[in-house]
Amino acid sequence: MRQELAALRREMKKEGIDAYLILSGDDHGSEYVHPYYQTRAFVSGFTGSAGTLLVTGKEAWLWTDGRYFLQAEKELEGSGITLQKAGHEGVPTLQERISALAAEQPITLGFDGRTVPCALGGLLAGLLRESGSRICEDKDLADRIWPDRPAIVPSAIEPLSLQVTGRSFQQKRTAVLAAMNKARADYILLTDLTQTAWLFNLRGRDVACTPVFFAYALLSNRETVLYVMEPEKTKAHLKERLGEDGLQQAFPDVRIAGYHEVEKELAELPRDSFLAVDPATMNDRLMHSVGAGVHKLQGLAPIPLMKAVKNPVEIESTLQAHKKDGLAMVRFLCRLKEQIGKVPLTEISAAEQLDQERRKAGAYELSFPTIAGYGPHGAIIHYQAAPETDVPLRPEGFLLIDSGGQYPQGTTDITRTIVLGPLSEKEKACYTYVLKSHIALASAVFAPGTTGRALDEIARAPLHALGLDFEHGTGHGIGHLLSVHEGPNIISRRGADTAIVPGMITSDEPGVYLENEFGIRLENEILCEACGEAYGFRPITFCPFEREAVVTSLLTEEERQWLDAYHAMVWETLADDLAPAEQAWLRAQTAPLED
């Protein structure tokens with residue numbers, strides 16, 4: 001048994017806690033979290049990015065998804081923790097497990113309410129109320145057993161120029177307040193870090209892969225308050241960057257306060273006032289701090305749609321980032337093709353080479369950890385290579401690489417399934433049909449009001465004709481110098497709520513995953529544009545597909561034309577900035593298809 005687990009149980013006993021819940025999030029529901037919040041990894045030893053740990057006096061369970069089953073089995077071995085393969089038949093959910101515990105006898109469930117979304121906290125409270133059980137939502141037991149817990153050292157908060165954002169803070173705030181007033185709310189609280197960063201046109205380095213900073217924001221018609229960890233340092237730094245007059249012009253009527261002051265000021269809101277909150281990113285502890293008599297509006301969230309629709313300046317800036325990213329990809333692919341079979345390479349070392357090329361091209365960070373899956377590993381959706389699973393690359397079959405970068409101009413996300421050597425006819429056919437599905441979405445023309453669900457059906461149609469499908473969505477929104485996974489625009493079976501409109505940037509990433517054989521995913525970012533009275537897409541990712549994997553006879557004439565035009569655009573965009581050998585490789589890859 002892990003000593004950290006034993007130490008946790010000792011603290012649980014002191015507090016009279018029967019079951020302790022540890023999630024993988026932070027105070028803001030972030031996708032990627034600071035090491036300070038990685039309590040689940042510290043206690044369990046499981047280092048995957050997604051997982052939920054529930055500990056009782058005698059048992060412990062960890063839930064994770066299929067991306068991490070192999071890794072979790074290895075890392076949990078001998079820990080005293082039972083792996084729960086989420087979604088598998090016969091595996092109870094977290095709520096079912098907690099309900100079963102409470103059904104035996106009333107329990108006290110403890111957790112750090114900062115890391116639990118208030119929506120989940122409310123759900124658990126409802127589950128336990130009927131049994132006479134109770135919740136202690138203010139117990140951060142990690143601090144007692146984690147002597148060298150990583151400290152949060154706030155990063156400098158940097159302003160973005162209008163040449164990158166296209167809209168000022170004042171313009172954005174006016175739009176948010178208009179939505180707030182229309183809903184008859186008196187205040188709107190921002191808890192999602194990307195929303196705060198977007199509104200203020202500020203960025204930081206507090207969280208891996210997403211250029212944000214720890215903050216809350218509270219808006220009203222009277223004033224706007226930005227709560228940050230080092231308010232005086234932040235004011236001084238912004239004044240240094242913008243000047244005294246520039247700071248006042250950029251952020252009129254803004255008060256910068258301490259990060260933890262938000263709880264006190266929420267408690268002091270006027271009785272019978274209306275506060276708009278986001279239950280998905282507002283944590284349970286913060287929700288409990290809101291003053292008595294304050295009405296909480298949980299359906300008002302204007303910023304996600306505002307930031308999903310990029311303005312012309314953001315689009316132009318993003319195109320510059322994609323050109324840099326395309327150059328990194330081409331240089332990596334050219335080098336990989338030359339090395340395979342001659343230089344020892346593994347999934348991890350290949351990913352490291354791509355990461356290096358991206359940084360040389362100007363990326364200051366990755367937009368998510370690079371996914372590199374060779375052969376059967378490519379069939380594990382969002383597989384993450386670890387030392388215990390890393391395998392050497394051979395001059396045959398497919399290598400699936402899903403990767404992206406954060407550039408000063410924008411955020412990128414691309415997947416290519418790379419040919420390392422001879423392919424079977426089955427591999428070629430599957431690749432071609434994934435490409436056909438990719439083209440079906442990229443070339444779709446659709447009426448205003450069309451949702452992501454309808455477009456998802458268009459994308460899957462070619463694969464359905466072959467009896468194939470994939471379990472993930474076809475596309476997700478991408479932030480502008482923000483999260484690589486952004487809503488509300490998604491192209492998925494779940495994407496029925498939001499229409500896809502001009503200015504939205506989404507991914508186009510169909511796939512085929514044959515267990516124990518191979519996986520194929522092909523991803524570009526696509527920009528929605530108006531086409532007369534209809535809408536369509538323009539690809540903004542610049543990287544060739546694998547022509548040796550394409551069975552030309554399986555493509556329609558329209559699909560061939562689309563692919564030739566796309567490759568011509570890639571060549572025109574990148575060629576002048578490549579070395580001669582790289583140019584020659586790209587020229588061959590982007591030449592028109594032959595029969």
Side-chain angles (χ1 to χ4, degrees), residues 65-71 87 329 332-333 336-337 339-341 344-351 353-354 368-386 388-403 413-441 459-460 462-475 507-524 543-555 559 563 589:
D65 59 60
R67 293 174 295 171
Y68 299 109
F69 289 165
L70 291 175
Q71 179 182 345
M329 284 294 301
F332 164 72
L333 290 170
L336 178 67
K337 300 277 188 174
Q339 289 180 333
I340 193 67
L345 290 169
T346 69
E347 293 169 328
I348 290 178
S349 66
Q353 283 193 15
L354 176 54
F368 58 96
T370 298
I371 295 165
Y374 176 60
H377 285 168
I380 303 171
I381 299 172
H382 291 173
Y383 162 82
Q384 195 72 55
E388 63 271 17
T389 66
D390 191 26
V391 295
L393 307 183
R394 301 188 301 273
E396 62 184 30
F398 285 132
L399 171 66
L400 187 155
I401 291 194
D402 189 348
S403 63
D413 184 6
I414 175 176
T415 307
R416 287 295 183 267
T417 303
I418 304 162
V419 176
L420 298 185
L423 301 176
S424 67
E425 293 305 310
K426 182 179 181 179
E427 288 171 320
K428 291 181 180 179
C430 287
Y431 185 99
T432 305
Y433 271 88
V434 172
L435 180 60
K436 287 166 72 71
S437 283
H438 179 97
I439 294 171
L441 177 57
R460 292 177 191 270
L463 285 171
H464 285 171
L466 201 64
L468 297 172
D469 203 351
F470 51 96
E471 293 302 317
H472 56 78
T474 303
S507 64
D508 174 2
E509 49 180 312
V512 162
Y513 309 93
L514 302 183
E515 188 175 359
N516 298 321
E517 293 188 57
F518 58 84
I520 299 165
R521 185 162 64 251
L522 301 175
E523 176 187 17
N524 280 352
C543 181
F545 294 100
E546 295 285 274
R547 57 189 300 119
E548 57 264 57
V550 178
V551 182
T552 308
S553 61
L554 295 178
L555 299 180
E559 290 166 343
L563 188 57
Q589 287 299 116

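Starting from 1, each residue takes its place in the sequence as its number.
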Return the minimal non-hydrogen interatomic distance between [X] and [Y], and the atom names on each side.
{"X": "L423", "Y": "A549", "result": "CD1-CB, 3.8 Å"}
{"X": "L468", "Y": "C430", "result": "CD1-SG, 4.2 Å"}
{"X": "Q589", "Y": "F545", "result": "NE2-O, 3.5 Å"}
{"X": "L354", "Y": "M329", "result": "CD1-SD, 3.7 Å"}
{"X": "G519", "Y": "T417", "result": "O-CG2, 3.8 Å"}
{"X": "V434", "Y": "P510", "result": "CG1-O, 3.5 Å"}

Do [X] and [Y] come within less than 4.5 Å of each other through their side chains, counting heavy atoms only?
{"X": "I520", "Y": "L435", "answer": "no"}
{"X": "L399", "Y": "L336", "answer": "yes"}
{"X": "P376", "Y": "V391", "answer": "no"}
{"X": "K337", "Y": "I418", "answer": "yes"}
{"X": "I401", "Y": "F332", "answer": "yes"}
{"X": "Y374", "Y": "R394", "answer": "yes"}

In Å, rounded to the nearest 0.5 Å, how long is the span from [atom1] of [X] to [atom2] of [Y]?
{"X": "Q339", "Y": "L420", "atom1": "CD", "atom2": "CG", "answer": "11.5 Å"}
{"X": "I371", "Y": "I380", "atom1": "CD1", "atom2": "CD1", "answer": "11.5 Å"}
{"X": "L393", "Y": "I348", "atom1": "CG", "atom2": "CD1", "answer": "10.5 Å"}
{"X": "T552", "Y": "E559", "atom1": "OG1", "atom2": "CD", "answer": "11.5 Å"}
{"X": "T415", "Y": "L522", "atom1": "OG1", "atom2": "CG", "answer": "8.0 Å"}
{"X": "S437", "Y": "E509", "atom1": "OG", "atom2": "CD", "answer": "13.0 Å"}

Distance-only side-chain donor-acceptor flag, D390 / T346, under 3.5 Å: yes
Is a side-chain N or O of [X] found less than 3.5 angstrom from the main chain of [Y], in a donor-acceptor match?
{"X": "R416", "Y": "E523", "result": "yes"}
{"X": "R460", "Y": "F470", "result": "yes"}
{"X": "T432", "Y": "K428", "result": "yes"}
{"X": "E546", "Y": "V419", "result": "yes"}
{"X": "H377", "Y": "A372", "result": "no"}
{"X": "Q384", "Y": "T370", "result": "yes"}

Y433 and V512: CA distance, side-chain angles, deciding distance, side-chain contact (heavy atoms from CB on, under 4.5 Å) verdict: CA-CA 9 Å; Y433 271 88; V512 162; over 6 Å; no
E388 atom CD, neighbour heavy-atom count above 12 within 6.0 Å: yes
Non-neighbouring partners of F368 that pass ring pair (Phe, Tyr, Trp, His ring centres under 6.0 Å), sequence neighbours left out: none
Contacts of type side chain to side chain contact (heavy atoms under 4.5 Å, CB included), residue A440, not counting sequence neighbours: I458, P462
Parallel, tilted or perpendicular: ring planes of Y431 versus F398, cut at 30 and 60 degrees: parallel
